[in-house]
Amino acid sequence: MGTLNLTKVTKSFGATDVIKGVDLTVNDGEFCVFVGPSGCGKSTLLRMIAGLEDVSSGDVMIDGQRINDLAPAKREIAMVFQSYALYPHLTVRDNMGLALKQAGVAKAEIAQATGKAAAMLSLDALMDRRPSELSGGQRQRVAIGRAIVRRPKLFLFDEPLSNLDAALRVQTRIEIARLHRELGATMIYVTHDQVEAMTLADRIVVLRGGRVEQVGAPMELYNNPANTFVAGFIGSPQMNFLKGGALGLRAESVGVRPEHLTLLRGSGKLAAKVSHLEKLGGETLVYVLNPTHGLITIRLFGEHDFAVGEEISLNYDENKLFFFDESGQRLY
Amino acid sequence: MSQARQSIARTFGAHAILITYTVIALFPVFVTVINSLKSRKAIFADPLALPGPATFDLVGYQTVLKQGDFFQYFLNSMTVTVASLFFVLMFGAMAAFALSEYRFRGNMLMGLYLALGIMIPIRLGTVAILQMMVASGLVNTLTALILVYTAQGLPLAVFILSEFMRNVSADLKNAGRIDGLNEYTIFFRLVLPLVRPAMATVAVFSLIPIWNDLWFPLILAPSEATKTITLGSQVFIGQFVTNWNAVLAALSLAIVPVLVLYLIFSRQLIRGITAGAVK
Ligand SMILES: Nc1ncnc2c1ncn2[C@@H]1O[C@H](COP(=O)(O)OP(=O)(O)OP(=O)(O)O)[C@@H](O)[C@H]1O
Ligand SMILES: [Mg+2]
């Protein structure tokens, strides 16, 4: 069990409103990812769910019970932090067992719970070490283990992988996905990383300036963004926005993803000049300049060669265009 | 090659400067200690000479130790210093934690108010303090001194410690809260160990003025039973005749406890002062 309900939740620090009315339901067993630009209030919202930050107005409910005034420890949640936040004076074993010990659980039961979590994360060999004797990746696994041991209704992750190097990040990401399958627990996960959001999430919540812009499954947001902000935020490289008027289309701006553009050496719908090329092996990103639309990104599969300054032309599929009005809202 | 030689020259230069400074700083201590081991005549004949077989004389130490209450003075100084330090560190750290951790109305003002004491010397309030002590019957007790020194040490302690506590990871404290630790456990078990270097810094900076103070012992606790060592040494300084042997011996002895306390704190102290500089 672990259904989270937020109704009209707001948060102000003095005169600044940071969260401006968020309504959200996270279903039992769901993996929900919060994304949004830096400073949009993702961490604040997560801390409010955890009880580390008071809610200015609105209700936070778990399983239908209002928990606004409940202490963090009583909320049956666990949180994993970007900076690991392990207790430096305790061994891995005691770090993982502390919450249960505080709750007055019997020693044998704690040992069993920590042992099980350690086995899930292959931490058995490290149980008697201090956090200072562990690598970054190991520390984050211990922090995840500490969260598991409590058997919480709700897991909260605040950018847990952003301090790890690229290889470890992939490995730990897969581990978190596996844990979610095995535990079937509700998880809320904050990240900056497109790939983490797209691969882990059952549903993504896009936040901007303390408001929810759109909620949906990853492919739903990719294929059906509600506005220019979501369209630009989901998908990497970013969607290109062209001027509708100049294309003879009835829309203020027209979005087209870099992967939906094709490059021609002959004549096409748009003329442009190559301004930069990025070869990544598996794919090639071509940045071209068009006098009316500015810089346009094209993503090609495989290896391609273009000279900087070369005159080329672009084609697009009419069915893969997104149309937006003046305020950035999607038309069709 | 040339770079290596240059860095040797630079190391040499740095050390020369540091050694010069050390010599200048230690010179008065050195002169005090060597003269405390000489006869009165030798002190005046050649103050800078080392004690030789002809001039060596422990008369100063004998006088000091014969002056029966000297150990009592010593004990008084020690009690006052250690107790005051304990309260300064404990209350200073608690106030600093509250100021850095909790958002409440008047937080800024409270911080400013507590820091104001750094700039206003407590001696300005001597008359009022004396009146208070008389009214509460604390004159000629060590409690009076401990109270005054605690008040005197708190502003700097709060100022330094709150700065350090702001840097303790918020995530760590939050993790503790989620695991069900209460605020006292978070303060004593998680935060205090992480600011230990800062605590040592504060301890050393508060220690010296308390140990060396003559003013408050003279005014608040001049009785025989409550004299501190700095005050006790004054008996050897007369209006017309000063027993230099005894004064120098008493001062030499007074250095020892501070030195011991300093050595205890120094490792942490160096880390406290250089924190941030070498991160
Ligand atoms: N204690 C505080 N007092 C005042 N303002 C705060 C406080 N904590 C956060 N804020 C403000 O709230 C806003 C949201 O902060 P938050 O940490 O939630 O952002 P975020 O979305 O997590 O950003 P990032 O992706 O960089 O972690 C920021 O503008 C920040 O300045
Ligand atoms: Mg954040």
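Lettering follows sequence order; numbering is per chain, from 1.
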**Prompt:** Is B/Met108 atom CE crowded by more than 12 heavy atoms from other residues, nucleotides or ligands, each under 6.0 Å away?
**Reply:** no

**Request:** Look at the side chain of A/His180 and the backbone N and O of A/Gly29, then say whether any donor-acceptor pair between them is shorter than 3.5 Å.
**Result:** yes

**Request:** Find out whether A/Cys32 and A/Asp202 are in side-chain contact, i.e. whether some heavy atom of one side chain is under 4.5 Å from a heavy atom of the other.
**Result:** no

**Message:** With heavy-atom distances below 4.5 Å as the criterion, would you say the side chains of A/Cys40 and A/Phe34 are in contact?
**Reply:** no

**Message:** Donor-acceptor check, side chain of A/Asp59 to backbone of A/Thr7, threshold 3.5 angstrom: yes or no?
**Reply:** no

**Request:** Using distance alone, with no hydrogens and no angle criterion, decide if A/Thr3 and A/Asp28 have a side-chain donor and acceptor under 3.5 Å apart.
**Result:** no

**Asked** Is chain B contacted by the side chain of A/Ile77, its backbone, both, or neither, given a heavy-atom distance below 4.5 Å?
**Response** both

**Fill in**
side-chain hydrogen bond (donor to acceptor under 3.5 Å, both in side chains) with A/Asn5: of A/Thr25, A/Asn27, A/Asp63, only one passes, and it is A/Thr25

**Segment of B/Leu181 engaging chain A (4.5 angstrom heavy-atom cut-off)** = both

Would you mind checking chain A against chain B for donor-acceptor pairs under 3.5 Å and listing them?
| residue | atom | partner | partner atom | Å |
| --- | --- | --- | --- | --- |
| A/Glu53 | OE2 | B/Arg103 | NH2 | 2.5 |
| A/Ser83 | OG | B/Asp171 | OD2 | 2.7 |
| A/Tyr87 | OH | B/Ala175 | O | 3.1 |
| A/Tyr87 | OH | B/Gly176 | N | 3.4 |
| A/Tyr87 | OH | B/Asp179 | OD2 | 2.7 |
| A/Gln102 | NE2 | B/Gly180 | O | 3.2 |
| A/Arg150 | NH1 | B/Ile178 | O | 2.9 |
| A/Arg150 | NH2 | B/Ile178 | O | 3.4 |

